[in-house]
Amino acid sequence: MRGGSVALAVGALALGLGLAGCAAGPTAGVPASSGEAPAGAVERVTAERVLKVTSVHEETGMTLLEGPVFLDDGRLHLVDVTAPAGEPKVLAVDVATREVDAVYTDEVGAYTSAQVSPYDGRLYLTDYAGGRIVSTTPDGTDPRVVAEGRVKGRAMHPDDLTFDDDGHLYVTDSSPVAYPAGTADGRVLRFDRDTGRPTVLAANLPNPNGISLDLDGGALWVSLLDANRIDRLVLDETGTAVTAGHTAIQVDGGVAQTDSNAVDAAGNLYQGMHGIPEIRVYGPDGTHLTTVSVPDGHEGLLSATNVAIRPGTTDAYVTVSGPAGGFVYRFDALAQGVRQSNGG
């Protein structure tokens, strides 16, 4: 979810969403691309448009696509964060035929990410507005509330999520910082697969958003929307505590902010941006390798929130949104997709 401290009035939903990572485009005048890279800069890659998935909703005044994830049926599932009650909140896209089907909706949720559990095969969704984590079957039936309410003293605002190989759930619990004097109190949470018990892995963070495990599962990459940085949190062998952490990558975002992220089979980190439709790609050591942008002339696009790389291939698909609508774009990833680059 994007947007930092921007309050997102979601029309008929009557939601004042300070969508940390799901914001309503604070940069309406920003062009669709940041322009030509200067000599000596990192490589720039232009993604191709696959299809338009959604239009701006009259009730909420916007559309915002997030959480792309390929399911076993081969379709790219994604969420529309600002879809009003009754409109599709999870959609499935056949990227070959360009067909779009509704998968799930409800009356209250504002869903910001999606990923399939390696343990039970269900689709897990973060409901930022409702402070819940919900799971459904792959076809959108049998919704269950996995977690909700207060966690360790305060209400939860789950933004992005990821799983380890055993099915334990890691979540960014966002909290926008009210500048200039606000207190950073975002968190990273872990939910035990069997008991559902939450553990606070990190606290006092400036609006955590994206979250992915590295290749060996021993550390988390966590992007911080209100700081334009990506932290690396090293976990103990049980995954229940952080043994070390530091700011690994400082992102020169300008008018944009760090959104969701994903990790490919070579350990490269794909960092979505809100405020400009770009994906920044960093090597496992933090080197900025590539910037992926939309073609010149594709106006009305303000974010590239996340990327899914089809597992076992280098076919990468990006959720891109703005006043022009919600779109899926495609580019060639630097390495093949794995579970950590499929959802979140």
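Keep in mind the model is a prediction, meaning the values are calculated, not measured.
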Please name the pair of heavy atoms, one in Leu215 and one in Ala266, separated by the smallest distance, quoted to 0.1 Å. CD1-C, 3.7 Å

Got Val116 and Asp72 here, is their nearest side-chain heavy-atom distance under 4.5 Å? no

Tell me if a side-chain donor or acceptor on Thr63 pairs with a main-chain N or O of Val56 at a distance below 3.5 Å. no

Looking at Glu87, is its backbone amide N or carbonyl O close enough to the side chain of Thr105 to form a donor-acceptor pair, meaning the two atoms are under 3.5 Å apart? yes

Tell me if the CG atom of Asp252 is crowded by more than 12 foreign heavy atoms within 6.0 Å. no

Trace of the side-chain contact (heavy atoms from CB on, under 4.5 Å) decision for Val95 with Arg310: CA-CA 11 Å; Val95 296; Arg310 190 192 292 270; 3.4 Å; yes

Option from Arg190, Arg154, Lys152 for which salt bridge (Lys or Arg N to Asp or Glu O under 4.0 Å) with Asp173 holds: Arg154

Under 3.5 Å, side chain of Asn207 to main-chain N/O of Ser175, donor-acceptor pair present? yes

Identify the heavy atoms of Tyr270 and Val281 that sit nearest to each other, and give their distance. CD2-CG2, 3.6 Å

Shared hydrophobic cluster for Val320 and Val45 (ILVMFWY, side-chain gaps under 4.5 Å): yes

Are Thr291 and His288 packed together at the side-chain level, in the sense that at least one heavy-atom pair is separated by less than 4.5 angstrom? yes

Would you say the side chain of Val103 lies within less than 4.5 Å of the side chain of Leu91, judging by non-hydrogen atoms? no

What pair of heavy atoms forms the shortest contact from Leu233 to Gly245, and how long is it? CD2-CA, 4.1 Å

From Ile230 CD1 over to Arg280 CZ, what is the distance, rounded to the nearest 0.5 angstrom? 9.5 Å

Taking all non-hydrogen atoms of both residues, which atom of Asp192 and which atom of His168 are closest, and how far apart? OD1-CE1, 3.6 Å

Main-chain N/O of Leu201 paired with Thr199 side-chain donor or acceptor, under 3.5 Å: no

Please answer whether the main-chain N or O of Val79 pairs with a side-chain N or O of Lys89 as donor and acceptor at a distance below 3.5 Å. no

Between Leu269 and Val251, is there shared hydrophobic-cluster membership here, with clusters defined by ILVMFWY side-chain heavy atoms closer than 4.5 Å? yes

Report whether Val234 and Leu213 are members of the same hydrophobic cluster (ILVMFWY, side-chain heavy atoms less than 4.5 Å apart, transitive linking). no

Is it the case that the side chain of Asp264 and the backbone of Asn268 share a donor-acceptor pair, with hydrogens and angles ignored and the cut-off at 3.5 Å? yes

Just so I know, are the side chains of Tyr170 and Leu235 near enough to count as touching, which here means a heavy-atom distance under 4.5 Å? yes

Pair Ile211-Leu220, side-chain contact (heavy atoms from CB on, under 4.5 Å): steps then yes or no: CA-CA 7 Å; Ile211 185 168; Leu220 291 164; 3.9 Å; yes

Regarding Arg193 and Asp120, does a basic nitrogen lie under 4.0 Å from an acidic carboxylate oxygen? no

Run Val100 and Leu51 through side-chain contact (heavy atoms from CB on, under 4.5 Å) and show every step you take. CA-CA 10 Å; Val100 180; Leu51 80 163; 3.7 Å; yes

Which hydrophobic side chains are connected to Phe191, either touching it within the sub-4.5 Å cutoff or through other members that do? Tyr124, Ile133, Val146, Val151, Met156, Leu161, Phe163, Leu169, Val171, Leu189, Val200

Is there a side-chain contact between Thr162 and Gln340 in this structure, where contact means two heavy atoms from C-beta onward sitting under 4.5 Å apart? yes

Tell me, which pairs form a salt bridge (Lys or Arg N to Asp or Glu O under 4.0 Å) where one or both residues lie in residues 333-344, sequence neighbours left out? Asp165-Arg339

With distance as the sole test, does Arg75 use its side chain to make a donor-acceptor pair with the main-chain N or O of Glu99 at under 3.5 Å? no

Nearest 0.5 Å, please: how far is CG in Leu125 from OG in Ser113? 7.5 Å

Rounded to the nearest 0.5 angstrom, the CD1-CZ distance for Ile309 and Phe70 is 10.0 Å

Step by step, would you call Thr238 with Thr240 a side chain to side chain donor-acceptor pair (under 3.5 Å)? CA-CA 5 Å; Thr238 70; Thr240 61; 2.5 Å; yes

List the steps and the verdict of side chain to side chain donor-acceptor pair (under 3.5 Å) for His274 and Asn209. CA-CA 11 Å; His274 174 72; Asn209 192 313; over 6 Å; no

Show me the pairs that pass salt bridge (Lys or Arg N to Asp or Glu O under 4.0 Å) and involve residues 203-215, at least two apart or across chains. Asp214-Arg232

Give the cluster check for Leu65 versus Val93: same hydrophobic cluster or not, with ILVMFWY residues linked at side-chain heavy-atom distances below 4.5 Å. yes

Consider only side-chain heavy atoms of I, L, V, M, F, W and Y, link residues closer than 4.5 Å, and tell whether Tyr282 and Leu224 are in one cluster. no

What residues form a side chain to side chain donor-acceptor pair (under 3.5 Å) with Thr247, not counting sequence neighbours? Arg229, Asp231

Assess the side chains of Ser303 and Ser321: does a donor N or O sit below 3.5 Å from an acceptor N or O? no

So how far is it from Gln257 CD to Leu225 CG, rounded to the nearest 0.5 Å? 4.0 Å

Residue set satisfying side chain to side chain donor-acceptor pair (under 3.5 Å) with Ser135, at least two apart, ordered chain then number -> Arg122

Quick check: closest heavy atoms across Ala85 and Glu107, and the distance to 0.1 Å? CB-OE1, 3.3 Å

Interatomic distance, Tyr128 atom OH to His157 atom NE2 [nearest 0.5 angstrom]: 5.5 Å

For Asn306 and Pro68, indicate whether the former's side chain and the latter's backbone hold a donor-acceptor pair under 3.5 Å. no

Nearest heavy-atom contact between Asn261 and Ser212 is OD1-OG, 2.8 Å

Side-chain heavy-atom pair Leu123, Pro138 within 4.5 angstrom cut-off: no

Under a 3.5 Å distance rule, please check whether Thr60 uses its side chain to pair with a backbone N or O of Thr82 as donor and acceptor. yes

Please test Asp139 against Thr137 for side chain to side chain donor-acceptor pair (under 3.5 Å), starting from the C-alpha separation and ending with a verdict. CA-CA 5 Å; Asp139 63 2; Thr137 60; 2.4 Å; yes

Show every donor-acceptor pair shorter than 3.5 Å between a side-chain atom in residues 327-336 and any protein atom, with sequence neighbours excluded, or say none if there are none.
residue : atom : partner : partner atom : Å
Tyr329  : OH   : Arg49   : NE           : 2.8
Tyr329  : OH   : Arg49   : NH2          : 2.7
Tyr329  : OH   : His298  : ND1          : 2.7
Arg330  : NH1  : Asp332  : OD1          : 3.1
Arg330  : NH2  : Asp315  : OD1          : 2.6
Arg330  : NH2  : Asp332  : OD1          : 2.5
Gln336  : NE2  : Gly312  : O            : 3.3

With side chains defined as the heavy atoms from C-beta onward, is the minimum distance between Asn342 and Gln115 less than 4.5 Å? no

Closer than 3.5 angstrom, by distance alone: can the side chain of Asp106 be matched with the main-chain N or O of Val108 as a donor-acceptor pair? yes

Rounded to the nearest 0.5 Å, what separates atom CG in Asp160 from atom OG in Ser223? 7.0 Å

Between Tyr111 and Arg132, is there a side-chain heavy-atom distance shorter than 4.5 Å? yes

